[in-house]
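Beneath this line is the structure, given in structure tokens, with notes to follow.
So you know, we letter chains A, B, ... as the sequences are listed, proteins then strands, and number each from 1.
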Amino acid sequence: MTDFLDAIVLLTNYVLVPGVAYGSQLALGALGVTLIYGILRFANFAHGDMMAFGTMVVILITWWFQSIGFSIAPLPVALVALPIGIAAAIVMSLGTDRLVYRFYRRRRSPSVIYILTSIGVMFVMNGIVRFIIGPDDQRFSDGARFIIKAREFKQATGLHEGLAIKLSQGITVLVTLIVVVALFRFLHKSRTGKAMRAYSDNEDLALLSGVSPERVVFVAWVIAAALAAIAGTLYGLDKSFKPFTYFQLLLPIFASAIVGGIGNPLGAVVGGFIIAFSEMTITYAYKKFLRYLLPDSWAPDSLVQFLTTDYKFAISFIILVVVLLVRPTGIFRGRT
Amino acid sequence: MSPMIRNPLLFAVMAAMLAAVGFGQSWQVALTILNLCLISAVMALGLNMQWGYAGLFNVGVMGFAAVGGLATVLVTKAPVVDAWAAGGWRLGISFVLLLATAAVVVVVRRWLGPGPIRSLVTAALVIAGYFLIRVFFDPATEAIEAVNSAKTGYLGGLGLPVLLSWIVGGVLAAGVAWFIGKVALGLRSDYFAIATLGISEIVIAILKNEDWLARGVKNVTGLKRPVPYEINLQADAWFADFAAWFGASVIEASSIFVKLCYAALFLAVLLIVVALSERALKSPWGRMMRAIRDNEDAAEAMGKDVKRRHLQIFIIGSAVIGIAGAMLVTLDGQFTPGTYQPLRFTFLIWIMVIIGGSGNNWGSVLGGFLVWFVWIEAEPAGLWLMDVITSGFDDASPLRAHLLNAAPHMRLVIMGVILLLVMRFSPRGLIPEVMRR
Amino acid sequence: MSFLIGENMTGGYGAADILHGCTIAVELGEIVVIVGPNGAGKSTAMKAVFGMIDLREGSVRLDGDEITKLSPQERVRRGMGFVPQTSNIFTSMTVRENLEMGAYLRDDDFSDTMAQIFDLFPILKEKSRQIAGELSGGQRQQVAVARALMMQPRVLMLDEPTAGVSPIVMDELFDRIIEIRDSGIAVLLVEQNAAQALAIADRGYVLVNGENRFSDSGQALLEDAEVRRSFLGG
């Protein structure tokens, strides 16, 4: 019996808990991508770098707080810096919209033009981030490390396996929950939110109904930038901040948005968790887990790992391609 | 200004800029830049075929360049006999099993009708085949990587001349493109872009982690050269005479001579690719490609097999990128999977094509030259600029130190801004596509 | 002086004109139908009245006011409702949300209007919380019409509302349109099902090559031998 419980705890510790946290981070990123896709109708390649930009501002403010000894321990002080990072990301995205995207919107350019311009924006933002904070790994988490420590868990339960929940994971899940609930309330209850959904659903009819496209686009950028800054900060608190990693997050984020059905916010959230859990379950080595469950003579010698973590991109990608080929609109029928 | 005057003038300006580097900095630097300009131009030509001729949004250039680079290792390195003995046969079996799994899946899928059962059976077969393969594959790679792992730890190559690897690089990239195209070409353009981006990341992940193939991040160094070594030249009496006649030191002359040899080889490849592309573009085949790009539905309605044509051009373009990738690794003399970064190997090539003028081969050549030149020269220029800006600061000022330190990253900003400006004010590029009937 | 009139309209999409001096007028409490062969410019004429096409010549007047230069959105504000032929609902939103979007420009309380519309289309009340994209074709058309009515327009323009629905649904829809007319709204209709449409119409226009060929009461057009032979299939 304890063997069985140990197996469950093991899986919870190494797959479920990190999966929920990672899934939340992907969901927030994918929500931003899907929102921009729904309103401006292009896949924004600069989204990862927008996350990096917002996070960078949070880190700089956090460092300043740390240098003057300001702290909200046990919580990380980055949470206080987050609103400033959000504001900076919003200013940045509205600025790029004004300088870059609006021109093409007025000309009703095809989406490939938008994607190409977003690649230009990606270069600029990437350069700015590297220029200001450098290309290296940065840590900015302070306060307590754990909500539940593995050793305490073992002592309390008497099991062999420990369960550790990092504070950053708890914060990630809580913040995501608040943000997602607030966003869905906004989209479904408020006049502007409904206008955004209408515009995303049927642009011409929304225009006919009197929805102002500039206003909808404005709100979309504000929300997407805020989501990017939040997602980036949570990811950085949970793991660490490195500009290139954030660029690479683009792939699982796109995969989440598309798997869920691009343009569909609910799909983005579900897609984020699907991608996160697929990565976790496929790259986890089940050797120890099976040792607990199987009789000794059956216990495996190999790691029992489908793929090493080096290939986690492959997982997002394979899921993406399979979904696109089997059900091109995604799980929750997004835009086609 | 008519294109007849304008275009040669643009190339003349480009040549003058390279010459300025030669006189101002050094000819070594100028030739180093020139060689990479030539390689970039070939890569840009490959992408231009896909995007400019056919409108395929390939954001996986990096993957094909890396596959081409891999060919250099596989062709030129001497085979590691011990490694083949240690794991060769098991690797062979896993390869046969891979083919067998693929065959079984294909046959079973033909046999079962479409539906959930077919999907389930396919998934089950793939998973079963995967584990079966790993029974042989894992010990094989482990054994191979254990053979003198500090020096080899991989299977080695065929020990053939390096120039052959350029062709093989093209063929390998074409093979990968065939596979990717079969899967992804049906997708709409933005999904295709994301899919190719993903594949290129996977290719790099494989090259980094499959040590048995090309030593992964341990790198393969000391690749063969198609040109003489500086040391050997310096030892030759005739070369010393030649250098003396030229009025340069033997060491400098040898280095420049080697770079010129590379430049001649790369230029030859570039000219061949340009000549073939220009012929293709003007042929009925090129006309059909453009017709498909401009109106896929109409072309399809006229009985053109759009998907097949797309696959064709995707393979050809990728092969050209693969050749360029092999050339690059040959020039470096080493294969370092860790250095492949999408900004440099995918998006920079995109900027070359867009700025040069998508759809125009000469535009891509110019774009390759110009963008690479700016990419390299933006670094000293940025440094100089930061130095000027901060010249009033105290030398010990941390801000000055940071700005000087971070200046190289400004080239990303510069590239992005150039791309945005060209797209906005000259969307057809420096040498626009010629509108033919 | 008609309530809404597009007079002597000439124009089209881009270079080639589709309309050549075509005139369409409709009064309050009247159903006017535009019929004609394929490519005659029926829908174009309606879109011109609604301001979705730039006119080279001619003018549009609503209740005596010159509105030729106004955007479609402005015309909606002035009391013109338009139901496009396709993509005329928000498929991912509920029926109620579709109606709310119809009233997007209204700042006042529109619950009365919604109640009236639910009286007119009882099935929509029943399905008000359903996603509009999941409704049947006929119900979707009702949503589309209801959405346009949320602004309490004085003119309602419908572009082939019965395209692709069954004859029973078509009759039902026409009954509703008559009710809308009887509430004092001017109804302008473009129809492919010419005979059925003319049967409920007060007046009709037959358009050919962007020009008015016949205009008369619906009944008279139905009885006109030439109209029958040429446009109603015998």
Of all heavy-atom pairs linking A:N202 and C:I89, the shortest is ND2-O, 3.3 Å

Tell me, do A:L205 and C:P84 make a side-chain contact under 4.5 Å, heavy atoms counted?
yes

Taking all heavy atoms of A:R197 and all of C:E97, pick out the closest pair and write down the distance.
NH2-OE1, 2.7 Å

Close side-chain approach of A:R191 and C:E100, heavy atoms under 4.5 Å
no

For atom CZ of A:F218, decide whether the heavy atoms of other residues, nucleotides or ligands shown that lie under 6.0 angstrom number more than 12.
no

At a heavy-atom separation under 4.5 Å, does C:F82 approach chain A through its side chain, its backbone, both, or neither?
both

Nearest 0.5 angstrom please: C:S71 OG to A:L207 CG, how far?
10.0 Å

Straight-line distance of C:Y104 OH to A:S212 OG, nearest 0.5 Å
7.5 Å

Measure from the side-chain N and O atoms of A:D201 to the backbone N and O of C:T91, and report whether any donor-acceptor pair falls under 3.5 Å.
yes

Minimum side-chain heavy-atom gap C:R147-A:S209 below 4.5 Å:
yes

Are C:M52 and A:D204 close enough that some pair of their side-chain heavy atoms sits under 4.5 Å apart?
no

Using a cut-off of 6.0 Å, state whether more than 12 heavy atoms not belonging to C:D54 lie near its atom CG.
no

